[in-house]
There are 2 protein chains.
Amino acid sequence: MTALPLEKAGEARGELTRQRILDAAQKLFSEHGSNGVSLRAITAEAGANSAAANYHFGSKMGLLEAVFARHATGIADERETLLQDCRAEPGRPPLLEQIVRAFLEPGMRGQHGGNGFARFRGRMLAENTEQTRELYARYFNDSTGQFLDALQDALPDLSSHDLHWRFHIMLGTMVYTLANPGRIQILSNGDCDPSDPGQALDTLVPMIAQLFRNPTMSPARTSETLHDINSIQAK
Amino acid sequence: MTALPLEKAGEARGELTRQRILDAAQKLFSEHGSNGVSLRAITAEAGANSAAANYHFGSKMGLLEAVFARHATGIADERETLLQDCRAEPGRPPLLEQIVRAFLEPGMRGQHGGNGFARFRGRMLAENTEQTRELYARYFNDSTGQFLDALQDALPDLSSHDLHWRFHIMLGTMVYTLANPGRIQILSNGDCDPSDPGQALDTLVPMIAQLFRNPTMSPARTSETLHDINSIQAK
DNA sequence: AAGATATTCAATCAAGCGTTTGATTGAGTC
DNA sequence: GACTCAATCAAACGCTTGATTGAATATCTT
């Protein structure tokens, strides 16, 4: 990064190490989890003094929140923009594929903080502590609610219960994909690569859209009835 | 736990604290992750001396492996047994619902180590470190491979690529469900409860079976073609 | 009963942790 | 050129960590 000429030179000095610490923290947190990395390791990676993290962010938790906040709003905003685009289409009902992609793409492609931030998010979602849950709720509950509403509009026949469970599947898949390397990468001998956002999105979006579109299947079936199901593709 | 009369009384003493330490470790690891808990906290929870964990398991990592190993083989074994049951059905092709349930149920129901071990597994899968990945590979790669084969047999028209990706979705959903509390529990105002194994299985098994059954959807579609898809339920 | 073995215990170790401190730097202001 | 103030630095703080020790105690074997 070259210094911006319009920026006061004084601001630049502190801001630079601030960003370097955020970058290092994002990288190391995403690789080893928030409890698996010390502030010393982070500041060393950033080439800063060991007290710099506390100076700029108050505490380790403050640093974690700062890493999260840096790109989270950008993702939530882009999600909402893309969702608006879905609704702006001609006069037809919005497309499931488009909605699903609008939800997944901003967080999985590299625009907001690169793949490093995607992995960081996956790790934080996976850690699932009180703090990370609170962070997610604060930054994403609004946009997530909008997507649930949009999906319910597009699928009026689907029960709220099933809608939420299918959304749960989408979330779990997203988290598991972000926190690569996943197990299929090994099990498929490298054919499937969840760390490649393009492949992941192109493959997952149609599958998950179709998942939402599937008719509700009654859970309790006798073995005899089940035999007939294999040939049924839908409804 | 009352002492078993058939058991030598001498074995019981050490074995008892051993089990209490395993229980405490499973609980605390599942709640705070492997790096979020100290051996002192674990031995205190177990009502044992702080040196007991190192005495019985050598190291913290040894304890983690022991917690994992205690029930992992039981799950893998039950999975394979249930998979055999699928193949033993009359002369028809095996049922997807049955295969999916055979994969999910042993790990999600409480038989093997209770819900505590399920959450522990979810947390370990989520942590996704070199050690936990190695543990999973060691204990589950075989049975997982068998399920991939069985699914491929049941779905001969599905490409290996798509099969693995859908399996990835199932794995991600399982992990995300095990590592509750999930986000839909809040977003659905408590209607969806991933921590209830019965509800989770009854809801997820049909959805995921249908997911596997869905026809392959081409990823690249123009907006115009996409409009027609919403009404298509399948093939 | 006596000796061998397995287990528990309090105490201790070096290392690392997050955080705080007081001094120092260097650019901007008057 | 004196003053201000955000930023950096080396050093240390008190505390927790995983691990080890050697003595004490319980249990099993003979």
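Note that these values count all heavy atoms, side chains included, but never hydrogens, waters or copies made by symmetry. Chain naming here is simple, since letters A, B, ... match the order of the sequence lines and numbering starts at 1 in each.
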- Ignoring backbone atoms, test whether B:N54 places a side-chain nitrogen or oxygen under 4.0 Å from the OP1 or OP2 oxygen of D:dG18. no
- Query: When you check the gap from the basic side-chain N to the acidic O, do B:R18 and B:D23 get nearer than 4.0 Å?
  - Reply: no
- For the residue pair A:Q152 and A:S160, confirm or rule out a side-chain donor-acceptor distance under 3.5 Å. no
- Can you check the A:L64 CG to C:dT19 P distance for me, whole Å? 12 Å
- Message: Without decimals, in angstroms, what is the distance between A:L16 CG and C:dA27 P?
- Response: 15 Å
- Note on the structure: Ranking B:A48 and A:G58 by the position along DNA chain C of their nearest nucleotide, the one closer to 5' is B:A48
- For atom CG of A:L39 and atom P of C:dT19, their distance in whole Å: 6 Å
- Message: Looking at B:H56, I'd like to know whether one of its side-chain N or O atoms comes within less than 4.0 Å of OP1 or OP2 on C:dT8.
- Response: yes
- Query: Counting side-chain heavy atoms from CB outward, which of D:dA10, D:dA19, C:dA10 is closest to A:N49?
  - Reply: D:dA10
- Query: Hey, does the side chain of B:S50 come within less than 4.0 Å of C:dC9's phosphate (OP1/OP2), counting only N and O?
  - Reply: no
- Protein-nucleotide distance (B:N35, atom CG; D:dT16, atom P), rounded to Å: 18 Å
- When all nucleic acid strands are considered with a 4.0 Å heavy-atom cut-off, which category describes B:A51: base, sugar-phosphate, or nothing? base
- Can you tell if the side chain of B:I208 reaches within under 4.5 Å of the side chain of B:I169, non-hydrogen atoms only? no
- Message: Just the rounded figure in Å: distance from P of D:dT17 to CG of B:L28.
- Response: 12 Å
- Spacing of B:Q19 atom CD relative to C:dT7 atom P, expressed in whole Å: 13 Å
- Query: Using the benzene-type ring in the case of Trp, are the ring centres of B:F29 and B:F68 under 6.0 Å apart?
  - Reply: no
- Does B:S38 make a side-chain N or O approach to OP1 or OP2 of D:dT16 shorter than 4.0 Å? no
- Query: Would you say the side chain of A:K27 lies within less than 4.5 Å of the side chain of A:F120, judging by non-hydrogen atoms?
  - Reply: no
- Check whether the side chain of A:R40 and the base of C:dG16 form a donor-acceptor pair under 3.5 Å. no
- Whole-Å distance separating the NZ atom of A:K60 from the C1' atom of C:dT19: 12 Å
- Nearest to the side chain of B:Y55 - C:dT7, D:dT8, D:dT17? C:dT7
